[in-house]
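Here the structure is laid out as structure tokens; the discussion comes afterwards.
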Amino acid sequence: MVLTEGNQSTGATFTLLGFSEYPDLQVPLFMVFLAIYMVTAVGNLGMIVIIRINPKLHTPMFFFLSHLSFVDFCYSTIVTPKLLENLVGGDRTISFTGCIMQFFLACIFAIAETFMLAVMAYDHFVAVCNPLLYTVFVSLKLCASLVAGPYAWGIVASLTLTYFLLALSFCGSTIINNFVCEHSVIVSVSCSDPYISQVLCFVIAIFNEVSSLVIILTTYTFIFTTVIKMPSDGGCRKTFSTCASHLTAITIFHGTVFFLYCVPHSKTSWLIIKVGSVFYTVVIPMLNPLIYSLRDKDVKETVRKLMSHTIQS
């Protein structure tokens, strides 16, 4: 199918059902998701500010963490406002252009987060296994390249998937049984054969998961091997404490991804898919700054100083 045929669909209108099957829960869900989004915005933007103002945090690890916070904030901002609007507004529609743009932007930051976590694993690996050569292996130039890579690949992959979505045709008003314009729900309402688009999405998703997990598992295998050989128990505890936050974030992120892929796409599973999508798109961006801030004494100390200064002023 050529792209010009898909261009005829630009006037199509999608309806995001969201959680409309539970009318009594619309207001409570709105309050819950609004609170989560506020915590997400304050947590991630606050983490970026804290890292910038505290010289002790001007290290590669926190440089990567600031970009993880930026990715989480952007991802949540792309998805959550529309979810909140659908919960309290009578109009649940979204234009074809709006839906495609939501998918395009969300895809960029979802892929960027996948590889940003892998980059942070490499940073931990060098810090633990080659501490004397850390500044050589993790130079400023390399840090910039390692951060630019996830963004660049996210843009390339998202552009590719979006191009093939635009090659599909959509007939008039279509109903999407979700609260977000994900690839699977968009192709499910297409009037044309989405086989190429589905295969391409599957290949990219598998590549992203396998390659990022190979990097993470390989680096942590070396980390654990090095930690076991450490003669000092204090050194072991400090290393495990440093890696624990990152491992928690990885487990939550990839665990949710695997859960969503393993759920069978049947009528009875749509609610489970929606709940999993909520966790993936709304909750995880809130958890990451909490996970890292609660375990780092320099971050907590900076927060205390900021709060004390605010109260005094």
Steps toward side chain to side chain contact (heavy atoms under 4.5 Å, CB included) verdict (L161, C107):
CA-CA 9 Å; L161 292 173; C107 184; 4.0 Å; yes

Test C99 against I176 for side chain to side chain contact (heavy atoms under 4.5 Å, CB included), laying out the working first.
CA-CA 10 Å; C99 193; I176 293 179; 4.1 Å; yes

Yes or no on ring pair (Phe, Tyr, Trp, His ring centres under 6.0 Å) for F125 and Y220, after CA distance, side-chain angles and deciding distance?
CA-CA 7 Å; F125 158 70; Y220 271 101; 9.7 Å; no

Between Y75 and N44, is the side chain to side chain contact (heavy atoms under 4.5 Å, CB included) condition met? List the steps.
CA-CA 11 Å; Y75 189 59; N44 285 291; over 6 Å; no

Could you go through M286 and S76, starting from their C-alpha distance and side-chain angles, then the distance that decides it, and tell me whether this counts as side chain to side chain contact (heavy atoms under 4.5 Å, CB included)?
CA-CA 8 Å; M286 175 192 69; S76 180; over 6 Å; no

Evaluate the criterion side chain to side chain donor-acceptor pair (under 3.5 Å) for residue pair T97 and S95; output intermediate values, then yes/no.
CA-CA 5 Å; T97 303; S95 66; 4.9 Å; no

Residue pair Q26, N86: steps toward the side chain to side chain donor-acceptor pair (under 3.5 Å) verdict:
CA-CA 9 Å; Q26 299 301 291; N86 287 351; over 6 Å; no

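To the nearest 0.5 Å, the span separating CG on L217 from OG1 on T221 amounts to 6.0 Å. Here the straight-line distance linking atom OH of Y134 with atom OG of S139 works out to 10.5 Å at 0.5 Å rounding. To the nearest 0.5 Å, atoms CG (L213) and OG1 (T218) are separated by 10.0 Å. Between L16 atom CG and E85 atom CD the span is 9.5 Å, to the nearest 0.5 Å. The CG atom of L146 sits 12.0 Å away from the CE atom of M120 when rounded to the nearest 0.5 Å. To the nearest 0.5 Å, the span separating CD1 on I108 from CD1 on I78 amounts to 7.5 Å.
I250 is not connected to V214 by any chain of hydrophobic side-chain contacts under 4.5 Å among Ile, Leu, Val, Met, Phe, Trp and Tyr, and they are in different clusters.
Contact record, P289 with M47: O-CE, 3.5 Å, taken as the closest heavy-atom pair. Between L168 and P194, the shortest heavy-atom distance links the atoms CD2-CA, 3.8 Å. V128 approaches T226 most closely through the heavy-atom pair O-CG2, 3.9 Å. For C181 against F103, the heavy-atom pair with the smallest separation is O-CB, 3.3 Å. Between A121 and T219 the shortest heavy-atom distance is CB-OG1, 3.5 Å. The shortest non-hydrogen separation linking I216 to A118 is CG1-CA, 3.9 Å.
Using modelled atom types, one side-chain atom of H58 and one backbone atom of I51 make a donor-acceptor pair closer than 3.5 Å. Within the 3.5 Å criterion, the main-chain N or O of F170 finds no donor-acceptor partner in the side chain of T174. Using modelled atom types, one side-chain atom of S192 and one backbone atom of S169 make a donor-acceptor pair closer than 3.5 Å. Judged purely by atom type and a 3.5 angstrom limit, S188 uses its side chain to pair as donor or acceptor with the backbone of V185.
Contact of the N288 side chain with the E113 side chain is registered, since non-hydrogen atoms from C-beta on lie closer than 4.5 Å. Residues L105 and S158 fail the side-chain proximity criterion, which asks for heavy atoms closer than 4.5 Å. Contact check for L17 versus I175: side-chain heavy atoms found under the 4.5 Å cut-off. Using a 4.5 Å heavy-atom threshold, the side chains of T80 and T40 count as separate. Taking the side chain as every heavy atom from C-beta outward, F62 and L65 approach each other to under 4.5 Å. Residues F96 and L166 have side chains in contact (heavy-atom distance under 4.5 Å, counting atoms from C-beta outward). With contacts defined as side-chain heavy-atom distances shorter than 4.5 Å, the pair T281/F179 qualifies. Within the 4.5 Å cutoff, no side-chain heavy atoms of F109 are placed close to those of V79.
Relative ring orientation between H67 and F70 is described as perpendicular, the plane-to-plane angle rising above 60° on a 0-90° scale split at 30° and 60°. Using cut-offs of 30° and 60° on the angle between ring planes, the pair Y37 and F73 is parallel.
For Y151, the OH atom is densely surrounded, since the number of other residues' heavy atoms within 6.0 Å is greater than 12. By the neighbour-count criterion of 12 heavy atoms within 6.0 Å, atom CG of L133 is densely surrounded, having more than that number from other residues, nucleotides or ligands.
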Please table the atom pairs, donor to acceptor, closer than 3.5 Å between any side-chain atom in residues 196-208 and protein atoms at least two apart or in another chain.
unit_1: S197; atom_1: OG; unit_2: H183; atom_2: NE2; d: 2.9
unit_1: N208; atom_1: OD1; unit_2: W153; atom_2: NE1; d: 2.8
unit_1: N208; atom_1: ND2; unit_2: I204; atom_2: O; d: 3.2

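Taking Y122 as the reference, nothing meets the side-chain hydrogen bond (donor to acceptor under 3.5 Å, both in side chains) condition, with sequence neighbours excluded.
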